[in-house]
Number of protein chains: 2
Amino acid sequence: MAHQKDLPSTAYAILGLLTWGEMSGYDLGKLIEGSIAHFFFRPAKSQIYAELRRLVGRGFATEREVAQDSRPDKRLYAVTPDGRQALRRWLDGSEAGPEVFRSPLCLKVFLGAQMDRETLAAQVKTALLQAEASLAAFQGDEREIAGRPEFFYPNFVLQRGIAHERATILWASDVLKALEQEQEREGA
Amino acid sequence: MAHQKDLPSTAYAILGLLTWGEMSGYDLGKLIEGSIAHFFFRPAKSQIYAELRRLVGRGFATEREVAQDSRPDKRLYAVTPDGRQALRRWLDGSEAGPEVFRSPLCLKVFLGAQMDRETLAAQVKTALLQAEASLAAFQGDEREIAGRPEFFYPNFVLQRGIAHERATILWASDVLKALEQEQEREGA
DNA sequence: TCAGCCATGTAATGGGTTACATGATTGA
DNA sequence: TCAATCATGTAACCCATTACATGGCTGA
């Protein structure tokens, strides 16, 4: 009964955000951009809407049309008790899929022997600057949510992001240093 | 001319590994498992073979059938000059796709309010143990390749993996501590 | 005036996974 | 004897992205 087939984990991500409160697909998009996009996935809008329809089809969410003037009409979605149960089952289970770290930069560094040293260094430098920007943004978020109990759990994830960016910055600096040393050794 | 359509980055990953030397699809699978799988992607066997055929079709690799007795016959693939050029263009360019960190664990922690505290703690603990195992494995690799100049570039990526696992371990420990404190506060 | 926000979707494509299929050799 | 290694693929499926489509309101 209930579910013939398991949903993809992205469905549970959306279901999870809906526990935050009733929302439209558009709202979800905004919310994802500031949270889940950083540590899970950044779906296309079209996928959000498709996934919401599926959740309604499964009975995991309800849809409610709200007419607005001076704005387009919208549909608000809310989790059902069935939805909460399904989410809970998924959260408690251990088949949530693997941790994935996919880094084109690491691939390029790995294949560094195929590149000009300068070009590689430039790309590492770019990544370093991006990591610094991310870190600054995360630290801004940190100040914003500090001490707010409703962000008790999200704050853990934010801390992980901060740790990750810090590690990236240190690593990139080390790589750049090593690359320069190698350049000198060759030049001399 | 040359290429009507860009290849997906996974094709360049395989092309890059082929610069290591002539290999079969099977060999590539083994090699990926010990390298690229950790920081880029872990393709299904079927995809490796499909991607190799495409590379040959584009003229980026050559195929050579080798008969063997007491083992199945195999096909060896090697990069062509065109392939090297294409790889180089991709490496030098900046459209390599985004850095992706997809962590179901982070999603669960983010939604921690929906779970039993103990269940969440157990899952964090599991991740911690896995990170410790990965770290140990990476440190084994580190000892193996230490000082070997042909691993100059791969070593950077290994260092990143080590830094990442260390950060994960510290973070998970912090989360567990905080979760226990919260438990005590409630219990008291 | 004009970019950007609000708001929702369809259609086409394809990258990637899963399941299925085969089968000899080698070492524990 | 039995699992693992070597070795290559086909077929089906589907999650996810990209491009396309619409259109009023708001603030700089």
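So you know, we letter chains A, B, ... as the sequences are listed, proteins then strands, and number each from 1.
Atom CD of A:E51 is separated from atom C1' of D:dC14 by 11 Å (rounded to the nearest Å). B:R102 has its CZ atom 10 Å from the C1' atom of D:dA16, to the nearest Å. A:L55 places its CG atom 12 Å from the P atom of D:dC15, with the value rounded to the nearest Å. To the nearest angstrom, C1' of C:dT8 lies 9 Å from OH of A:Y77. As rounded to whole Å, 15 Å separates atom P of C:dC6 from atom CE of A:M23.
The phosphate of C:dT8 (OP1 or OP2) has no side-chain N or O of A:R53 nearer than 4.0 angstrom. Residue B:Y49 has no polar side-chain atom (N or O) positioned under 4.0 Å from OP1 or OP2 of D:dG9. Contact annotation: A:R71 side-chain N/O to D:dG23 OP1/OP2 distance is not under 4.0 Å. Using a 4.0 Å cut-off, no side-chain N or O of A:Q47 falls inside it from OP1 or OP2 of D:dC15. Close to D:dA7, at under 4.0 Å from its OP1 or OP2, lies a side-chain N or O of B:Q68.
Taking a 6.0 Å sphere around CD of A:Q68, one finds it holds more than 12 heavy atoms contributed by other residues, nucleotides or ligands.
Under 3.5 Å, the side chain of B:S46 and the base of D:dT8 form no donor-acceptor pair of N or O atoms.
Under the 4.0 Å criterion applied to side-chain N and carboxylate O atoms, A:K30 and A:E33 are not assigned as salt-bridge partners. Salt-bridge check for B:K177 with B:D174: passed, with a basic side-chain N closer than 4.0 Å to an acidic carboxylate O.
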Pairs of donor and acceptor atoms involving the side chains of residues 109-117 of chain A, under 3.5 Å and at least two apart or interchain, shall be tabulated with distances.
{"unit_1": "A:Q114", "atom_1": "NE2", "unit_2": "B:T19", "atom_2": "OG1", "d": "3.3"}
{"unit_1": "A:D116", "atom_1": "OD1", "unit_2": "B:R88", "atom_2": "NH2", "d": "2.9"}
{"unit_1": "A:D116", "atom_1": "OD2", "unit_2": "B:R88", "atom_2": "NH2", "d": "3.3"}
{"unit_1": "A:R117", "atom_1": "NE", "unit_2": "A:Q183", "atom_2": "OE1", "d": "3.1"}
{"unit_1": "A:R117", "atom_1": "NH1", "unit_2": "B:Y153", "atom_2": "OH", "d": "3.3"}
{"unit_1": "A:R117", "atom_1": "NH2", "unit_2": "A:E186", "atom_2": "OE1", "d": "2.7"}
{"unit_1": "A:R117", "atom_1": "NH2", "unit_2": "A:E186", "atom_2": "OE2", "d": "2.9"}

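Applying the salt bridge (Lys or Arg N to Asp or Glu O under 4.0 Å) rule to A:E132 yields no partners; only residues at least two apart in sequence or on another chain are considered.
For the segment residues 26-45 of chain B, residues with any heavy atom less than 4.0 angstrom from an atom of DNA chain C are, sorted by number, B:R42, B:P43, B:A44.
Ring centroids of A:H164 and A:F39 are separated by 6.0 Å or more, keeping the two rings apart.
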Can you check side chain to side chain contact (heavy atoms under 4.5 Å, CB included) on B:S9 and B:F40, steps first, answer last?
CA-CA 10 Å; B:S9 55; B:F40 196 68; 3.5 Å; yes
